Structures are given as structure tokens and as C-alpha cells.
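Computed from a predicted structure; not experimentally measured.
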Amino acid sequence: AVFEELEGSHEKILVSQEKDTGVRKYEKIKSIPSDLGSPSQIVSFDHIYGFYDLLSGSYVALVMESESFVSIPLMNIRKVKKIVVLPLFRSGRILSELKQRDEDRYLQLLNFAFSEHSLFFSTSSDITLTQQRIAKLAQVKQTSEPSLWSRADLRFFWNRDLVQDLIVLQADDWIVPFMSAFIEVRTDVPVDDLKITLLFISRRSRYRQGCRFIKRGLDEHGNTGNFVETEQIVVFPDNKVTAFVQIRGSIPVKWSSPVHMRYEPIVYIEDATEQSQVLESTQKHIAELADKYSDNNNNISILLINLIDNKKDQGRLGVAYKEAIDCIKPKVANCPLHFIWFDFHHECKQKGKWKNLSKLVIQVDDLFKAQKFFCKLPNGQVASWQSGVIRTNCMDNLDRTNVVQSLFARRSLIYQLNKTDGLDMADKAIMDTPWKNFEVVFKTVWTNNANAMSLGYAGTGALKVDFTKTG
């Protein structure tokens with residue numbers, strides 16, 4: 001197989017396989033060798049997603065169609081519309097009837113997976129990185145400009161393992177990071193006399209992937225189920241950029257809740273106080289957060305907001321979480337950890353009790369304001385760094401989490417817009433702002449995010465969007 005760029009100067013890629021072992025071999029070529037003969041099939045495509053090894057041999061996943069999704073001066077993002085999986089070579093291994101059925105099933109599942117994800121990419125922008133991390137990298141002196149894929153955040157580089165052969169070949173021009181995410185951009189959003197661009201990105205981690213009830217807690221590497229990094233970016237008319245980042249993820253201890261016939265599956269927890277390996281995994285998780293979300297001077301604080309019930313199985317799990325954090329605090333002394341347990345259902349179970357959420361926001365307000373937000377001026381100078389992150393969880397990190405994250409997002413936006421004058425930041429602006437048109441956009445975006453995250457992890461739309469939509 002030969003990969004050739006129709007417009008441009010990229011080197012061609014020749015992929016062959018050894019007859020005896022079937023091992024793929026890659027090489028860069030200037031021109032197509034004459035002994036290859038005429039091609040049996042010519043396929044036009046946008047980009048290579050990656051390579052797969054199945055029972056009959058090698059396959060390649062190609063992005064056949066994509067569309068421009070975000071096109072603003074800050075960045076350009078395209079959304080995948082169609083991916084096809086094709087045999088890489090003319091002939092593969094001859095399979096038995098049983099193995100052929102397995103092969104067909106694998107291909108069916110692979111194509112289904114592609115259809116279930118919203119995949120995005122860019123050939124010019126670091127879409128896997130937050131604005132702050134891009135600015136931090138820009139301050140590091142480089143002898144040469146690193147390639148786009150080598151700068152990508154591995155957590156959100158979904159096809160990283162599938163392009164390993166191209167990485168070994170140093171075929172940088174052919175490697176494009178793809179990201180599973182929810183993205184929404186709104187331009188000309190009115191706030192008083194301003195018209196801003198609001199760019200919203202929720203990046204889904206490729207690690208510990210799986211549906212709820214199947215993928216819970218963390219693994220030995222510190223990766224948690226349903227980990228999502230949400231960044232809201234404001235672009236001002238003069239090209240000033242501000243950004244605020246939050247994260248969500250499954251409770252970072254080793255636990256599970258396998259599905260059975262009960263409405264609420266039983267929660268099984270590994271005792272962190274007795275198993276050093278469990279604590280080690282929790283510590284790895286916190287250490288990665290400290291690395292990814294510190295400011296330019298490596299200042300960091302992590303606010304851990306736990307929204308689960310303080311009773312029954314959820315109560316036991318919350319206690320295990322708190323004990324694990326208490327145990328690792330001395331080992332991460334350079335990263336202050338603040339654990340807040342707010343029983344969402346208890347506080348908001350009665351009609352009209354949504355206002356009780358203000359208790360949580362006020363309780364952590366000093367910590368929230370101390371973390372600040374990222375701000376880059378029109379001349380490129382960074383005026384403010386976000387020195388920490390809020391990590392929110394409930395059981396599934398969906399409905400309760402989305403409601404609370406939207407509160408912090410709104411509060412941050414008021415500071416990002418520098419519109420605190422005349423607002424009662426101790427009460428009113430927690431749940432609402434005076435800018436009606438802005439509120440419509442803000443609530444719609446957060447409702448869309450809630451549904452997208454829920455579809456990705458649970459397969460259904462979100463609950464509690466009545467509050468997200470209307471306040």
C-alpha cells in the first residue's frame with residue numbers, strides 16, 4: 001500500500017508485509033517503485049486515523065469526510081464525519097468460517113465505535129492542550145519546533161497507539177491527533193456593551209474507557225473512569241483570551257458496582273488503608289493532576305468536591321475516598337488538597353432547594369478565587385495563570401457533577417469578563433447573571449455538554465438539565 005499526498009510535498013509512505021510473518025514494514029519513498037505494478041484500488045481520504053491488526057491481516061482506518069467545526073483566529077478545528085476501515089493489502093490470511101464470523105464482528109464493533117464518538121482534529125492547533133499549557137510550552141526554549149503530535153496530551157490523543165508505526169518512521173506530516181470531545185463555539189455573545197466569542201471544549205480521556213457500571217474508580221496507573229477536562233475560553237474583540245479549566249472523573253480509589261437485578265448495584269471497595277497499591281494508584285492520579293494543572297511557577301492546589309450521598313453504599317465509598325486523600329496528603333505536601341463532601345441529594349432533594357447549592361459555592365469561594373483563571377493579553381503577554389483545578393465527582397460524574405461545574409463556570413466567567421462591579425458575588429451571581437441573552441447561550445451550552453457527556457458514558461441523555469436550562 002502507498003500513501004501519497006495529492007497536494008503538498010509530504011514524502012510518500014510505502015507499507016509492505018513480510019510473507020512469512022505478516023509483519024508490516026514502513027518506509028518513506030520519493031516515488032512509487034515501478035515493480036509495484038498498477039494499483040488495484042485508489043482511495044481519496046483526508047487523514048489516516050490509524051492501523052489495526054485483525055485475524056485476516058492489517059487494516060487501515062481512514063478519515064474520508066470531515067467538516068470545519070471551529071474557525072476563529074484562535075484556532076481551527078475540524079469534525080470527523082466519516083471513517084472507513086479498509087484492508088491494507090490486496091490479500092490476507094484465509095480464515096475458517098468461525099474465524100471469519102469473528103472478524104466480521106470485530107469490524108462491526110470497530111465501525112460502531114467510530115459512529116458513537118464525536119471525533120475532532122486540527123492540523124494547525126493544539127486542541128488536546130488547554131490555553132494555559134500552550135502558553136507554558138511557549139516559554140520553554142526549543143532548538144526546533146516540535147511536531148503537533150509530539151506536543152499532544154496523551155490522555156486525549158485517541159489514536160496515539162494506532163499510529164505508532166508512523167511515529168517510529170518519523171513520518172510527522174502524516175500523524176494527526178484525534179480527540180473524542182464535546183465542542184461548541186458561540187460568536188457575538190452579548191454581555192453589556194461587549195460581544196465575545198465563547199469556545200467550550202470537554203476533552204474525554206482515552207484511558208480507562210468503558211460504560212458506567214463497567215468502568216469505575218481507577219487503575220494501577222492512576223487513570224480514572226469517565227475522566228473529562230472541560231475548558232471554557234473567552235475571546236474578546238481585541239483578541240484577549242481568558243480560559244478556565246475544570247475536571248471530572250470517577251472517585252479515585254479502587255471500587256466497582258457490577259450490574260445486577262437491584263435498582264442500585266452493590267458497591268465493592270478495596271480497603272485503601274490496608275493496601276499500599278491502592279494508595280499508590282490514588283497518589284499517581286493526584287500527582288498527574290498536579291503536573292497538568294499547575295501554573296508557570298508550578299504552584300498548585302486541588303479542590304476535590306465529592307457530591308455523593310452521605311449514607312448507605314455511597315456513604316461507605318465517600319469515607320474510603322476521604323481516607324485515601326488523608327493518607328496521601330503528607331506524600332504530596334507541595335500540592336495542597338482540599339476535600340469537600342457536599343451531599344447533593346440531601347441538600348437539593350426538596351422542590352425549590354436548588355438555592356442550597358449556593359452553600360457549596362460560598363464554602364469554597366476563597367479557594368476558588370485563589371486558583372484564578374488564565375488570561376493572555378492581545379500582545380501575547382500572560383497576565384494571569386490558573387494555579388490549580390477543581391475536581392468534581394458524583395457516582396457517575398454526570399448529572400450532579402454537571403450542575404455544580406456549571407455554577408463554577410458561570411462564576412469564573414464573571415471574573416473572566418471583569419464584570420464583578422455592581423454584582424452581589426455572595427449570592428445572586430452564583431445562580432444567575434443580569435445578562436439575559438448571555439444566560440440563554442450559557443445554559444444551552446452547558447445543557448448540550450451534559451447530554452454529550454452522558455451519552456458517552458451512560459448511553460442516554462442527562463438528567464437534571466431542567467436546572468441547567470432554567471436555573
Side-chain angles (χ1 to χ4, degrees), residues 126 128-142 151-156 201 203 205 222-224 227-234 240-249 252 282-306 321-322 324-340 360-377 379-393 404-405 407-418 420 425:
D126 293 306
T128 67
L129 300 180
T130 64
Q131 290 300 297
Q132 176 156 306
R133 291 188 65 199
I134 292 172
K136 286 177 70 175
L137 284 175
Q139 293 185 341
V140 178
K141 292 183 179 180
Q142 303 277 358
R151 299 194 299 265
D153 189 322
L154 293 179
R155 297 173 300 172
F156 312 124
I201 305 176
R203 304 173 177 94
S205 174
N223 302 307
T224 65
F227 184 90
V228 181
E229 174 189 270
T230 297
E231 181 179 25
Q232 62 176 20
I233 303 169
V234 177
K240 182 177 81 171
V241 175
T242 65
F244 176 66
V245 175
Q246 301 181 77
I247 55 175
R248 69 176 76 185
T282 303
Q283 186 177 341
K284 286 179 180 178
H285 178 71
I286 296 299
E288 181 174 49
L289 300 186
D291 175 63
K292 295 291 193 294
Y293 300 106
S294 59
D295 65 13
N296 61 320
N297 292 317
N298 294 321
N299 297 314
I300 178 77
S301 71
I302 300 177
L303 177 53
L304 306 162
I305 296 181
N306 177 34
Y321 182 14
K322 186 178 186 307
I325 294 301
D326 289 341
C327 286
I328 68 170
K329 273 185 178 180
K331 300 177 182 179
V332 290
N334 61 332
C335 175
L337 303 177
H338 306 278
F339 182 87
I340 304 295
L360 171 63
V361 179
I362 293 171
Q363 180 183 359
V364 303
D365 198 42
D366 288 342
L367 296 169
F368 165 78
K369 287 188 288 189
Q371 289 185 351
K372 299 176 291 187
F373 57 89
F374 174 77
C375 176
K376 185 174 70 173
L377 301 177
N379 63 5
Q381 180 182 354
V382 176
S384 172
W385 299 88
Q386 183 175 338
S387 57
V389 72
I390 300 175
R391 186 197 192 279
T392 308
N393 73 267
V404 169
Q405 284 197 333
L407 297 180
F408 289 117
R410 176 187 284 106
R411 197 161 180 79
S412 177
L413 270 169
I414 295 170
Y415 287 106
Q416 289 174 251
L417 296 167
N418 195 23
T420 58
M425 295 305 289

Quick check: closest heavy atoms across [X] and [Y], and the distance to 0.1 Å?
X: K240; Y: K376; value: CG-O, 3.3 Å
X: T282; Y: P252; value: OG1-O, 2.7 Å
X: I328; Y: Q283; value: CD1-CA, 4.1 Å
X: A152; Y: L129; value: C-CD2, 4.4 Å
X: A290; Y: I300; value: CA-CG1, 4.0 Å

Less than 6.0 angstrom separating the ring centers of F339 and Y321, yes or no?
yes

Got a sec, which pairs hit salt bridge (Lys or Arg N to Asp or Glu O under 4.0 Å) with one end in residues 383-393, sequence neighbours left out?
none

Using a 4.5 Å cut-off on heavy atoms from C-beta on, say whether the side chain of [Y] contacts that of [X].
X: T420; Y: Y415; result: yes
X: Q132; Y: V245; result: no
X: Q386; Y: F244; result: yes
X: S301; Y: L367; result: no
X: W385; Y: N299; result: no

For K331, all residues meeting salt bridge (Lys or Arg N to Asp or Glu O under 4.0 Å), sequence neighbours excluded:
none

Trace of the side chain to side chain contact (heavy atoms under 4.5 Å, CB included) decision for F368 with I390
CA-CA 8 Å; F368 165 78; I390 300 175; 3.8 Å; yes

D326 atom CG, neighbour heavy-atom count above 12 within 6.0 Å:
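Result for CG/D326: enclosed.
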
Could you tell me whether K284 atom NZ has more than 12 heavy atoms of other residues or ligands within 6.0 Å of it?
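Counting other residues, nucleotides and ligands, NZ of K284 exceeds 12 neighbours.
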
Rounded at 0.5 Å granularity, tell me how far [atom1] in [X] sits from [atom2] in [Y].
X: I247; Y: R203; atom1: CD1; atom2: CZ; result: 12.5 Å
X: F408; Y: L303; atom1: CZ; atom2: CG; result: 6.0 Å
X: T130; Y: D153; atom1: OG1; atom2: CG; result: 8.5 Å
X: T224; Y: N393; atom1: OG1; atom2: CG; result: 9.5 Å
X: T242; Y: L413; atom1: OG1; atom2: CG; result: 7.0 Å
X: R411; Y: L407; atom1: CZ; atom2: CG; result: 10.0 Å

Looking at E229 and K292, is there a salt bridge between them, counting it only when a charged N and a carboxylate O are closer than 4.0 Å?
no

Would the distance check show the side chain of E231 and the main-chain N or O of A243 forming a donor-acceptor pair, the cut-off being under 3.5 Å?
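The answer is no, because no donor-acceptor pair under 3.5 Å joins these two groups.
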
Do S387 side-chain atoms and D295 backbone N/O form a donor-acceptor pair below 3.5 Å?
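No, S387 side chain to D295 backbone: no donor-acceptor pair under 3.5 Å.
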
Audit row: H338, V364, side chain to side chain contact (heavy atoms under 4.5 Å, CB included) steps and yes/no
CA-CA 9 Å; H338 306 278; V364 303; over 6 Å; no

Member of N296, D291, N297, N298 meeting the side chain to side chain contact (heavy atoms under 4.5 Å, CB included) criterion with S294:
N298

For H285 and F227, take the angle between the two ring planes, folded into 0 to 90°, and tell me which bin it lands in: parallel under 30, tilted 30 to 60, perpendicular over 60.
perpendicular

Are F374 and S384 close enough, and set up right, to give a side chain to side chain contact (heavy atoms under 4.5 Å, CB included), and what steps lead you there?
CA-CA 5 Å; F374 174 77; S384 172; over 6 Å; no

In chain order, what residues pass the side chain to side chain donor-acceptor pair (under 3.5 Å) check against Q232, with sequence neighbours excluded?
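Per chain and number, Q232 pairs via side chain to side chain donor-acceptor pair (under 3.5 Å) with Q416.
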
